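Reading through the structure tokens given below for one structure.
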2 protein chains.
Amino acid sequence: MGSENQKLMRSTQLLRSFWNVQKNLMRFVQKTAVENDLSVPQYSILMTIAPHKEMLQKSLGEKTFLPKSTLSQAVDGLVQAGWLNRQQVEGNRREMQLSLSEKGEAFIKTIHLQEGSIHQVFRSAVESLTEKQCDELLETHQRIAAYLEAQGAGQGEGTK
Amino acid sequence: MGSENQKLMRSTQLLRSFWNVQKNLMRFVQKTAVENDLSVPQYSILMTIAPHKEMLQKSLGEKTFLPKSTLSQAVDGLVQAGWLNRQQVEGNRREMQLSLSEKGEAFIKTIHLQEGSIHQVFRSAVESLTEKQCDELLETHQRIAAYLEAQGAGQGEGTK
DNA sequence: TTAAAACTGTTCAAAAATGAACAGTTCTTT
DNA sequence: AAAGAACTGTTCATTTTTGAACAGTTTTAA
């Protein structure tokens, strides 16, 4: 069936398209992380926690998909560096509550403003998009991410 | 200026949106790689070389942004496994010509068909997009990728 | 033609990321 | 309430990735 084949090619093309963006993003994330003495997981953690100011370590794991050993080590480093506070959840001696310190918030702001940081570079990259293009991109990404999120989260898969 | 602030938020929102897709994609790439006894760099290499059938190792480095030590090791593994052929470029004793072996081509086809592979999962994820949505996504991604590609490739940056 | 500089890929020691085993806690079932 | 199962995070040995030094080749320019 020709149209099936058509669809297959479409999907391949789209996957490549995402991959092309993602490998470039990773390049700048890597660079930004190194320039601020962070590992890539640590950078991810900061960016994930930033809009909420505080999060359970468990939730952070679910959001980032980082293996829990990686998460534990990365968080530890961030706490050492003074960017995060870590304390036991009261009424639950297993879970850890993580929160951005004031230093941490300031640090994130600094990163956002650094020339050559992923944030600055990306800002320029999307500068010329129209309102409509932005909205459609967000909408489509949201749909794809939601689908993927739902996959594999169900069965035997968990962050080990 | 309010509209500047507006733009900033837009950019942040878009970056998050890409990140949400990318972390999910990476999850499946990782999974697909492991299931086929590949490292993530090795998987990237195969997917990059696949449409061309053959490439210079140098070009592969430029396309994937993999550090050259990583590239060298990963390629070596693929050659050992019999998926790639490697030979010196004739008339140039530095560069290496890499090409998919027949076994390698077959291997890639197999991966594409595996249930739960990134390819299958992604296919389902984008199944319901309209023709128009696909085209716009491709177009926008292309623009962003092109911009990012141009950045940093110029000055002191190269794959070490 | 040479010497110096730039290029391409490999090697190897160091750093980063991860799985598996674990320790302590909480929840379930009896 | 006691035993067993499930949960949450840490530790540590192993694996993966990477930067730096290198070896060999080609290009540049003296």
Side-chain angles (χ1 to χ4, degrees), chain A residues 23 26-27 29-45 49 55-81 84-98 153 155-160, chain B residues 23 26-27 29-45 49 55-81 84-98 153 155-160:
Chain A
K23 75 193 179 191
M26 279 315 293
R27 187 158 63 99
V29 165
Q30 177 93 18
K31 184 177 162 227
T32 303
V34 167
E35 284 173 0
N36 291 282
D37 285 306
L38 297 170
S39 68
V40 171
Q42 285 175 333
Y43 174 84
S44 305
I45 289 169
I49 209 175
M55 270 182 115
L56 294 176
Q57 182 161 328
K58 179 172 71 141
S59 320
L60 208 47
E62 289 163 357
K63 261 258 184 270
T64 60
F65 298 118
L66 290 169
K68 62 184 184 175
S69 50
T70 307
L71 189 61
S72 176
Q73 305 243 41
V75 163
D76 201 61
L78 292 171
V79 171
Q80 299 280 323
L84 289 187
N85 298 128
R86 173 173 51 185
Q87 67 201 90
Q88 278 190 337
V89 170
E90 72 173 297
N92 186 332
R93 291 201 285 168
R94 277 186 298 203
E95 302 189 351
M96 285 299 194
Q97 181 71 250
L98 304 174
Q155 51 268 55
E157 278 310 304
T159 303
K160 300 117 192 173
Chain B
K23 76 192 179 193
M26 278 314 293
R27 188 158 62 101
V29 164
Q30 177 93 21
K31 183 177 164 227
T32 305
V34 167
E35 285 174 0
N36 291 282
D37 284 305
L38 297 170
S39 67
V40 171
Q42 286 175 333
Y43 174 84
S44 304
I45 290 168
I49 210 175
M55 270 180 118
L56 293 176
Q57 183 162 328
K58 179 171 71 143
S59 321
L60 207 48
E62 291 162 357
K63 263 257 184 271
T64 59
F65 298 117
L66 291 170
K68 62 184 183 175
S69 50
T70 308
L71 189 61
S72 177
Q73 305 243 43
V75 164
D76 201 61
L78 293 171
V79 171
Q80 300 279 325
L84 289 187
N85 297 127
R86 172 173 53 185
Q87 67 202 92
Q88 278 189 335
V89 170
E90 71 174 296
N92 186 332
R93 289 201 285 169
R94 276 188 298 204
E95 303 187 350
M96 286 298 195
Q97 180 71 250
L98 304 173
Q155 50 268 51
E157 278 310 304
T159 304
K160 300 115 194 178

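Bear in mind the structure is a predicted one, so any value in this text is a computation, not a measurement. Letters A, B, ... mirror the listed sequences (proteins, then strands); counts begin at 1.
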Problem set entry | Side chains of B:K23 and A:T64 in contact at under 4.5 Å (non-hydrogen atoms) | no
For this session: Please state how far atom CD in B:Q88 lies from atom C1' in C:dT10, giving the value in whole angstrom units.
Result: 13 Å
Problem set entry | Distance (rounded to the nearest 0.5 Å) between B:Q73 CD and B:K68 NZ | 13.5 Å
Every protein N/O within reach of nucleotides 12-15 of chain D N/O, cut-off under 3.5 Å:
from	atom 1	to	atom 2	distance (Å)
D:dC12	N4	A:Q73	NE2	3.4

Seminar exercise, completed: Rounded to whole Å, the CG-P distance (B:L78 to C:dT10) equals 12 Å
Seminar exercise, completed: Note: for B:P41 and A:S72 on DNA chain D, the residue whose nearest nucleotide lies more 5' is A:S72
Seminar exercise, completed: By nearest-nucleotide position on DNA chain D, the 5'-leaning member of A:Q30 and A:K58 is A:K58
Exercise. Does A:T70 put a side-chain nitrogen or oxygen below 4.0 Å from OP1 or OP2 of C:dA17?
Worked result: no
For this session: Can you tell me the distance, in whole Å, between the CG atom of B:L66 and the P atom of C:dT8?
Result: 17 Å
Exercise. Are the side chains of B:I45 and B:L98 in touch, meaning some heavy atoms are under 4.5 Å apart?
Worked result: no
Exercise. Counting only side-chain N and O atoms of A:Q57, is one of them less than 4.0 Å from OP1 or OP2 of D:dT10?
Worked result: yes
For this session: Would you indicate whether the side-chain heavy atoms of B:N92 and B:Q88 approach each other to under 4.5 Å?
Result: no
Exercise. Looking at A:M96 and A:R86, what are the two nearest heavy atoms and their distance?
Worked result: SD-CG, 4.1 Å
Problem set entry | Runs of at least three Watson-Crick or G-U pairs with DNA chain C, cut-off 3.5 Å | C:1-30 with D:1-30
Problem set entry | Gap between atoms CZ and C1', on A:R94 and D:dA6 respectively (whole Å) | 8 Å
For this session: Using a heavy-atom cut-off of under 4.0 Å over every strand shown, decide if B:V40 touches base, sugar-phosphate, or nothing.
Result: sugar-phosphate
For this session: To the nearest 0.5 angstrom, please state how far the CD atom of A:E62 sits from the CG atom of A:L56.
Result: 9.0 Å
For this session: Check the distance between D:dT8's P and A:Q87's CD and give it to me in whole angstrom.
Result: 18 Å
For this session: Taking the side chain as every heavy atom from C-beta outward, state whether B:L78 and B:L38 have any atom pair closer than 4.5 Å.
Result: yes
Exercise. Below 4.0 angstrom from OP1 or OP2 of D:dT25, is there any side-chain N or O of B:R93?
Worked result: yes
Exercise. For B:V89 and B:Q97, which heavy atoms make the closest approach, and how far apart are they?
Worked result: CG2-N, 3.9 Å
For this session: Ignoring the backbone of B:N92, work out which of D:dT26, C:dT10, D:dT17 is nearest its side chain.
Result: D:dT26
Problem set entry | B:K23 NZ to C:dA17 C1', straight-line distance once rounded to whole Å | 19 Å
Exercise. Any side-chain N or O of B:K68 under 4.0 Å from OP1/OP2 of C:dG9?
Worked result: no
Problem set entry | Between C:dT8 (C1') and B:L56 (CG): distance, integer Å | 11 Å
Exercise. Which heavy atom of B:A74 sits nearest a heavy atom of B:P41, and at what distance?
Worked result: CB-CB, 4.2 Å
For this session: Take the protein atom CE of A:M96 and the nucleotide atom P of D:dT8, then report the distance between them rounded to whole Å.
Result: 13 Å
Exercise. Of the non-hydrogen atoms in A:M55 and A:L60, which two are nearest, and what is the gap between them?
Worked result: SD-CD1, 3.4 Å
